[in-house]
**Q** 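Structure below; questions to follow.
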Protein chains: 2
Amino acid sequence: MKEVSEDSIAKQRKLFDEFIRRRGLKRSAQRNTVVDIFLNNTQHVSCDDVYAIVRRRGLKIGYSTVYRTLKLLTAANLAQEVNFGDGVTRYDHNYNFNFQNHYHLICTLCGETIEFTSRAVDKSQKSIARKYGFTPQHHKLEIYGLCRECQAA
Amino acid sequence: MKEVSEDSIAKQRKLFDEFIRRRGLKRSAQRNTVVDIFLNNTQHVSCDDVYAIVRRRGLKIGYSTVYRTLKLLTAANLAQEVNFGDGVTRYDHNYNFNFQNHYHLICTLCGETIEFTSRAVDKSQKSIARKYGFTPQHHKLEIYGLCRECQAA
DNA sequence: GTACTTGCAAATTATTTGCACATCA
DNA sequence: TGATGTGCAAATAATTTGCAAGTAC
């Protein structure tokens, strides 16, 4: 998996700040913390995950604030909601603007998720969007099945 | 969009009955109704949708029964859960065994969904699954963006 | 007859919202 | 100062579950 560089995080943080300004919103310690946690985490996180990290850091931020900030990150196009069928919304990085998009293999038995990238998939999606006169913002691909370990078992 | 033939519905119903039998479960009028509604509907439906159709037919089936039956259809691999980000789980046909898989373009402004198929995407997915020693059961691809109409507006 | 199914109401879970108070610009 | 943000608790929404009574095999 591609490493997330310091540079890229700084860049994304800048994008977020611009977004806040453009919307006439304000900065705050809580927002900074949540944005920081999200950007520095390479995995897709749930609101619960982020909240747990906040508390582990000894900080106290309301649950609603975490939710609201994750929604903001989504609106800013830095995050995207993903849903693996367990009823929990997760927030994944939206690498469109910078990295290659990544997709998921999800084991229906043990729940493990594997990330992968595919130029072929990326290309197909672009051509399909064009065909339907659609301006793509983000996309997701999930393959459900049995992982190597679970097949053996 | 490909038409769903009578034959295919009968075939899927048979698959469901086999599934029921294999699991030592039983048939019932309510289950038959829900399965019937699902199979004869070409669209992805929510539990609410199915419940509304049931009532429109003048029948009375409990909400939980509808939910439970849609879960059964998923377990039988005839349906698959999809989630377009509005907090509602929808059940889509799992055409794997018979048809070409189809995917979705979802307009983030008006919510319209367009279905499409793509041999290229299908192929990429197969090869990726193979690469990771993964046995795919089903997969979904969703492209979010602005539809033609919403771009103009 | 035994095990499975149903329908209701209650419980659970995830997420959102109202509002008083705090904070940023 | 005035608009926006926060945190709590309460509200909402979707889904699941317990249980008594009904039904399939």
Side-chain angles (χ1 to χ4, degrees), chain A residues 16-38 44-55 57-76 79-92 111, chain B residues 13 16-38 44-52 54-55 57-76 79-92 111:
Chain A
F16 184 75
D17 288 347
E18 267 170 39
F19 171 82
I20 288 288
R21 196 162 34 70
R22 245 183 304 121
R23 287 242 185 152
L25 305 178
K26 291 168 182 169
R27 257 118 52 76
S28 80
Q30 292 93 326
R31 273 187 191 163
N32 286 341
T33 303
V34 172
V35 170
D36 184 60
I37 289 172
F38 175 76
H44 33 71
V45 288
S46 64
C47 178
D48 225 61
D49 293 337
V50 174
Y51 186 73
I53 295 170
V54 168
R55 313 224 83 216
R57 287 196 189 174
L59 303 172
K60 272 200 64 179
I61 300 183
Y63 220 93
S64 348
T65 301
V66 177
Y67 261 110
R68 290 190 266 230
T69 309
L70 290 171
K71 290 266 173 215
L72 273 185
L73 279 162
T74 307
Q80 84 178 257
E81 299 187 348
V82 289
N83 212 296
F84 296 155
D86 59 355
V88 178
T89 302
R90 272 164 242 278
Y91 294 82
D92 201 352
Chain B
R13 198 191 308 270
F16 184 75
D17 288 348
E18 266 171 38
F19 170 82
I20 288 288
R21 196 163 33 70
R22 244 184 304 121
R23 288 243 185 149
L25 304 178
K26 290 168 184 170
R27 257 119 49 76
S28 81
Q30 291 92 326
R31 272 185 193 165
N32 286 342
T33 303
V34 173
V35 169
D36 184 60
I37 289 172
F38 175 77
H44 32 71
V45 288
S46 64
C47 178
D48 226 62
D49 293 336
V50 174
Y51 186 73
V54 168
R55 313 225 82 215
R57 288 197 186 175
L59 303 172
K60 273 199 63 180
I61 300 182
Y63 220 94
S64 349
T65 302
V66 175
Y67 262 109
R68 289 190 267 231
T69 308
L70 290 170
K71 291 264 173 218
L72 273 186
L73 279 161
T74 307
Q80 83 177 260
E81 298 187 348
V82 290
N83 213 295
F84 296 153
D86 59 354
V88 178
T89 302
R90 272 163 242 277
Y91 294 82
D92 201 351

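Since the structure is predicted, the reported quantities are computational estimates derived from the model, not experimental observations. Residue numbering restarts at 1 for every chain, and letters A, B, ... go by the order of the sequence lines.
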**Q** Consider the side chain of B/K26, meaning its heavy atoms from C-beta on, and name the nucleotide among C/dA14, D/dC25, C/dT6 that approaches it most closely.
**A** D/dC25
**Q** To check you understand the geometry: which heavy-atom pair defines the closest contact between A/C47 and A/V66, and what is its length?
**A**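 Minimum heavy-atom separation between A/C47 and A/V66: SG-CG1, 3.6 Å.
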**Q** Between B/L70 (CG) and C/dT5 (P), how many Å, whole number?
**A** 15 Å
**Q** Calculate the interatomic distance between B/L59 atom CG and C/dG7 atom C1'; express it in whole Å.
**A** 15 Å
**Q** Assign each of B/Y51 and A/V88 to its nearest nucleotide of DNA chain C by heavy atoms, then name whichever residue's nucleotide is nearer the 5' end.
**A** B/Y51
**Q** OP1 or OP2 of D/dG7 less than 4.0 angstrom from a side-chain nitrogen or oxygen of A/Q30, does that happen here?
**A**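 Result: yes.
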**Q** What is the minimum heavy-atom distance between A/R23 and A/A75, and which atoms define it?
**A**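 Scanning both residues completely, I find the closest heavy atoms to be NH2-CB, 4.0 Å.
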**Q** Does D/dT6 have OP1 or OP2 sitting under 4.0 Å from an N or O in the side chain of A/K60?
**A**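 Negative; the distance criterion is not met.
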**Q** Considering just the side-chain nitrogens and oxygens of B/S28, establish if one lies under 4.0 Å of OP1 or OP2 belonging to C/dT6.
**A**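 Yes, B/S28 has a side-chain N/O under 4.0 Å of OP1/OP2 on C/dT6.
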**Q** Quick one: which of D/dT6, D/dC25, D/dT16 gets closest to the side chain of B/K71?
**A** D/dT16
**Q** By nearest nucleotide on DNA chain D, pick out whichever of B/N83 and A/T69 is the more 5' one.
**A**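 Closer to the 5' end of DNA chain D: A/T69.
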**Q** Under 4.0 Å between any heavy atoms, over every strand shown, what does B/S64 touch: base, sugar-phosphate, or nothing? Just pick one.
**A**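 Base: the residue B/S64, judged by heavy atoms under 4.0 Å, touches a nucleobase.
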**Q** Nearest-nucleotide wise, let me know which of A/R31 and B/G87 is further upstream toward the 5' end of DNA chain D.
**A** A/R31
**Q** Counting only side-chain N and O atoms of B/Y67, is one of them less than 4.0 Å from OP1 or OP2 of D/dT15?
**A**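 Checking B/Y67 against D/dT15: at least one side-chain N or O falls below 4.0 Å of OP1 or OP2.
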**Q** Write down the distance between CZ (A/F84) and P (C/dA14), rounded to a whole number of angstrom.
**A**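 About 16 Å, once rounded to whole Å.
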**Q** The test is salt bridge (Lys or Arg N to Asp or Glu O under 4.0 Å); show your working for A/R57 and A/D36 and say whether it passes.
**A** CA-CA 12 Å; A/R57 287 196 189 174; A/D36 184 60; 3.3 Å; yes
**Q** Rounded to the nearest angstrom, tell me the gap between atom CZ in A/R21 and atom P in C/dC24.
**A**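 The answer, rounded to whole Å, is 18 Å.
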**Q** Would one find a side-chain N or O of B/T89 under 4.0 angstrom from OP1 or OP2 of D/dA14?
**A**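 The answer is no; no side-chain N or O of B/T89 sits under 4.0 Å from OP1 or OP2.
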**Q** Of all heavy-atom pairs between A/Y91 and A/F38, which one has the smallest distance, and what is that distance?
**A** O-CE1, 3.6 Å
**Q** Whole-Å distance between D/dT6 P and A/R27 CZ?
**A**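 After rounding, the gap between these two atoms is 13 Å.
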**Q** Is the shortest side-chain heavy-atom distance between B/R31 and B/L72 below 4.5 Å?
**A** yes
**Q** Rounded to whole Å, how long is the line connecting atom CD1 of B/I61 with atom P of C/dC8?
**A**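 My rounded result for the distance is 11 Å.
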**Q** Find the distance B/D17:CG to D/dA24:P and express it as a whole number of Å.
**A** 15 Å
**Q** Rounding to an integer number of Å, can you tell me how far A/R23 CZ sits from C/dA25 P?
**A**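 For the pair A/R23 CZ and C/dA25 P, the rounded distance is 18 Å.
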**Q** Does a nitrogen or oxygen in the side chain of B/R68 sit under 4.0 Å from OP1 or OP2 of D/dT17?
**A**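 Result: no.
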